[in-house]
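Taking it in order: structure first as structure tokens, then the write-up.
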Protein chains: 2
Amino acid sequence: MGKTTRLLPGEGTDKRGPDGYLGYLLRQAANGYRHRVETSLRETGLTQPQFAALTMLDAYPEHSSADLARIALLTPQTMSTILRNLENAALIRRHPHQEHGRKRRIELTDAGRQVLVRAKRLVYALETDLAEGFSEEEQRTVRRWLVAAGGRSLEGGATKP
Amino acid sequence: MGKTTRLLPGEGTDKRGPDGYLGYLLRQAANGYRHRVETSLRETGLTQPQFAALTMLDAYPEHSSADLARIALLTPQTMSTILRNLENAALIRRHPHQEHGRKRRIELTDAGRQVLVRAKRLVYALETDLAEGFSEEEQRTVRRWLVAAGGRSLEGGATKP
DNA sequence: TGCCCATTGTCAGAACTCTGATATTAATGT
DNA sequence: ACATTAATATCAGAGTTCTGACAATGGGCA
């Protein structure tokens, strides 16, 4: 039996690499980047979605869970899950909204603010890696493509006239 | 009518849209595209990862679960989960490999082949949408960026010298 | 006033993805 | 021959994401 040395198809053979399907490359890119982010965030214990939620909450403290879901293009259930985990970790706090009966006000705790400061440094370093090797114009092309590819997916839209 | 109200911050205000962080845009793009793919695949009952796994198995019928995980840049556990669901749905079959004791040979069932034919038509239509509005050169830029962003994430690599 | 409906939030269940741990088998080294 | 290492596959548990279903609140309209 020879040692067929790692001839996995795909190095230049098939749909991998720069010749692959865009959808396939998109999924792998997102998986790979998330993996790198969470490895880097390991010491903070945050996941990529948790980091994104904390960042949004810090920027827009008035927003409800439903608001955040709309901003992030996620379903209310998904955002609810992420916030529940942040609350269990004592990084956010929720208390009943005075005027609006069902709404709840969300706040970062001190621990939440502290961990967010550390996490931002780690993630922004990776963010600059993401642009490395691409000109300003190329980056604009990439951004434009990403926005088009996402395509405001869950836009319940139509609002039925 | 209009109902242009939707004043959530982020239309042109902040980190959303084409000015947002690349990592953030990447996650949203992948989420949105996956959502569109699975909506389109609804009638087949397949998910995007299941579709990818079936496609790979059809192209490389000799490969084991571990091989597929390497090709797709996923962990063996993840690929194992996907294959288990495909097996429960009777779209693939696994029987013990003759020569190699622990390896298992994976095969598409007739149902698996049939569903894959239908799914390919649905997904490839979306794939062309993904390139619409971008020149050949711009598409090359996007592909190159996606490959760099993914960065062969889990490459256990180094193999400890 | 009282009913309809949109908004907000949650529970349940499924699939994907990771880390960590474990068992089994093959290949290798002394 | 025996021990070590590598590869394959799986179990367990956590977090993210969806669909589907439901309760509670608030506003609008007959």
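These values consider heavy atoms only, across backbone and side chains, with no hydrogens, waters or symmetry-generated copies. This one's a predicted model, so the numbers in the text were calculated from it and none came from an experiment. Protein chains get the first letters and strands the later ones, always in sequence-line order, with residue 1 at the start of each.
Surrounding CZ of A/Arg94 are more than 12 heavy atoms belonging to other residues, nucleotides or ligands, all under 6.0 Å away.
A donor-acceptor pair is defined here as one N or O able to donate and one able to accept, closer than 3.5 Å; no such pair exists between the side chain of A/Ser40 and the backbone of A/Arg36.
At C/dT7, none of the side-chain N or O atoms of A/Arg70 fall inside 4.0 Å of OP1 or OP2 (strictly under the cut-off). Here B/Thr47 does not reach the OP1 or OP2 of D/dC18: none of its side-chain N or O atoms lies under 4.0 Å away. The side chain of A/Arg36 places no N or O atom within less than 4.0 Å of a non-bridging phosphate oxygen (OP1 or OP2) of C/dC18.
We find that CZ of A/Arg105 is positioned 17 Å from C1' of C/dG9, with the value rounded to whole Å. The interatomic distance linking B/Leu68 (CG) with D/dT10 (P) rounds to 12 Å, in whole Å. For B/Glu38 and C/dT17, the CD to C1' distance is 13 Å, given to the nearest whole Å. What separates CD of B/Gln48 from P of D/dC18 is a distance of 13 Å, to the nearest Å. A/Leu41 has its CG atom 12 Å from the P atom of D/dT16, to the nearest Å. Rounded to an integer number of Å, the gap from A/Glu62 CD to C/dT8 P is 15 Å. Between the CZ atom of B/Arg104 and the P atom of C/dT25 there is a distance of 13 Å, given to the nearest Å. For B/Leu74 and D/dT10, the CG to P distance is 16 Å, given to the nearest whole Å.
Where A/Arg42 and A/Arg34 each meet DNA chain C at their nearest nucleotide, the meeting point lying more 5' is that of A/Arg34. DNA chain D is contacted by both B/Ala66 and A/Gln50; B/Ala66 maps to the nucleotide lying nearer its 5′ end (nearest heavy atom per residue). Ranked by how close their nearest DNA chain C nucleotide is to the 5' end, A/Arg27 and A/Ser64 are led by A/Ser64.
A donor and an acceptor atom, one from each side chain of A/Asp67 and A/Ser64, are located under 3.5 Å apart.
Within residues 77-92 of chain A, the residues approached by DNA chain C to less than 4.0 Å at the level of any non-hydrogen atom are A/Gln77, A/Ser80, in residue-number order.
You'll find the side chain of A/Tyr21 stays beyond 4.5 Å of the side chain of A/Leu26, heavy atoms only.
Within the structure, every pair that satisfies the side-chain hydrogen bond (donor to acceptor under 3.5 Å, both in side chains) test and touches residues 77-86 of chain B, not counting sequence neighbours, is listed here: B/Thr75-B/Thr78.
The line from OG1 of B/Thr141 to CZ of B/Phe134 is 10.5 Å long, rounded to the nearest 0.5 Å. Expressed to the nearest 0.5 Å, how far CG of B/Leu54 lies from CG of B/Leu86 amounts to 5.0 Å.
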